[in-house]
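Keep in mind the model is a prediction, meaning the values are calculated, not measured.
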Amino acid sequence: MTGDVRELLLSRIKDVPDYPKPGVMFKDITPLLADPEAFGALTEALAELCVRHGATKIVGLEARGFILAAPVAVQSRIGFVPVRKAGKLPGATLRQAYELEYGTAEIEVHAEDLGPGDRVMVIDDVLATGGTAEASLELIRRAGAEVAGVAVLMELSFLPGRARLEQALAGAPLDALITV
């Protein structure tokens, strides 16, 4: 990705102070999504990573990961598989629990959507603490598929996401288009 694309993406991410609570600087990507040039450049950059890493399927993490991953899958001509919060998918699913700052959560995927022979790229908007991404990597492997990598629009470097994912990635790449 060129510096010009990185600057375009950064220029469309809005800082929202004290949201959702005092002291938090929220990174709002909705202006980026509303700009067809910026959203197109983001889609192209993520699609290039999927092709480079040999992905055969793309997993999007609920909910903003869906917004980014679906157009990447279409552009790359690769299947899209949603990873949802528990209880949102009908039929047979694989479920994975993970720890949050205060408590636990669960995500799931349709059991038949991933399997042996699939190389799966995980796409999400932000890498923060890494809990959801780590759980998705476990789901992918439990389904019998291989992890091609993880790609995010933005990594929050002041949080431990990258360090948390290091072991779970098992050598697969972690690409952040922007690091803040």
Side-chain angles (χ1 to χ4, degrees), residues 1-35 37-50 52-53 55 58-72 82-86 96-107 120-141 147-180:
M1 183 175 76
T2 68
D4 290 344
V5 171
R6 184 174 279 108
E7 288 304 314
L8 173 63
L9 299 178
L10 270 172
S11 74
R12 301 305 189 272
I13 298 170
K14 181 180 173 187
D15 286 342
V16 181
D18 299 320
Y19 182 82
K21 61 183 184 179
V24 173
M25 180 64 74
F26 184 77
K27 300 291 188 182
D28 182 11
I29 68 165
T30 58
L32 186 156
L33 300 173
D35 180 326
E37 180 185 0
F39 194 15
L42 171 59
T43 300
E44 287 178 24
L46 291 171
E48 287 173 16
L49 289 172
C50 290
R52 180 183 322 148
H53 298 312
I58 295 173
V59 157
L61 304 182
E62 188 166 346
R64 289 181 301 260
F66 294 177
I67 297 167
L68 304 185
V72 170
V83 168
R84 305 279 325 256
K85 294 174 183 169
Q96 182 67 40
Y98 63 100
E99 292 190 21
L100 300 168
E101 188 175 355
Y102 301 104
T104 61
E106 292 180 314
I107 56 172
V120 184
M121 179 68 85
V122 176
I123 294 181
D124 205 5
D125 64 330
V126 174
L127 175 61
T129 63
T132 309
E134 181 182 41
S136 74
L137 297 176
E138 178 65 24
L139 272 179
I140 290 164
R141 290 191 177 105
V147 174
V150 174
V152 296
L153 165 60
M154 187 175 5
E155 178 181 354
L156 305 180
S157 62
F158 53 89
L159 293 173
R162 184 172 287 269
R164 181 175 184 171
L165 287 181
E166 188 173 333
Q167 185 175 356
L169 283 164
L174 168 58
D175 294 290
L177 300 181
I178 297 168
T179 302
V180 295

Looking at every heavy atom in both [X] and [Y], which two are closest together, and how far apart are they?
| X | Y | answer |
| --- | --- | --- |
| M121 | A151 | SD-N, 4.1 Å |
| I107 | S136 | CD1-N, 3.6 Å |
| Q96 | A135 | CG-O, 3.6 Å |
| G60 | F66 | O-CE2, 3.3 Å |
| C50 | V72 | SG-CG1, 3.8 Å |

[X] side chain near [Y] side chain, heavy-atom distance below 4.5 Å:
| X | Y | result |
| --- | --- | --- |
| V5 | L42 | no |
| F26 | K21 | no |
| L8 | L32 | no |
| P173 | V150 | no |
| D125 | M154 | no |
| T129 | L156 | no |
| I29 | L153 | yes |
| I123 | V59 | no |

Between atom [atom1] of [X] and atom [atom2] of [Y], what is the distance when rounded to the nearest 0.5 Å?
| X | Y | atom1 | atom2 | value |
| --- | --- | --- | --- | --- |
| E44 | M1 | CD | CE | 12.0 Å |
| M25 | D18 | CE | CG | 7.5 Å |
| L61 | L68 | CG | CG | 10.0 Å |
| E134 | E99 | CD | CD | 9.5 Å |
| L159 | R164 | CG | CZ | 11.5 Å |
| I178 | I13 | CD1 | CD1 | 4.0 Å |

Between Y98 and T132: side-chain donor-acceptor atoms closer than 3.5 Å: yes
Donor-acceptor side-chain pairing of T30 and D28 below 3.5 angstrom: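 The criterion, which ignores hydrogens and geometry beyond distance, is satisfied for D28 and T30.
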Determine, for R64 against D124, whether the closest basic-nitrogen to carboxylate-oxygen distance falls under 4.0 angstrom.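 Looking at D124 together with R64, the answer is no, because their closest N to O distance does not fall below 4.0 Å.
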Salt-bridge present (K85, E106; N to O < 4.0 Å): no
Checking the side chain of R141 only, and the main-chain atoms of A168 only, is there a donor and an acceptor separated by less than 3.5 Å?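 Side chain of R141 to backbone of A168: a pair is present.
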Can you check whether V180's main-chain N or O pairs, donor with acceptor, with S157's side chain at less than 3.5 Å?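 Between the backbone of V180 and the side chain of S157 there is a qualifying donor-acceptor contact (under 3.5 Å).
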Please identify which of these residues, V126, D175, T179, L177, meets the side-chain contact (heavy atoms from CB on, under 4.5 Å) condition with E155.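 Exactly one pass, corresponding to T179.
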Could you go through the side chain to side chain contact (heavy atoms under 4.5 Å, CB included) check for D15 and K27 one step at a time? CA-CA 5 Å; D15 286 342; K27 300 291 188 182; 2.7 Å; yes
Please test L174 against R162 for side chain to side chain contact (heavy atoms under 4.5 Å, CB included), starting from the C-alpha separation and ending with a verdict. CA-CA 8 Å; L174 168 58; R162 184 172 287 269; 3.7 Å; yes
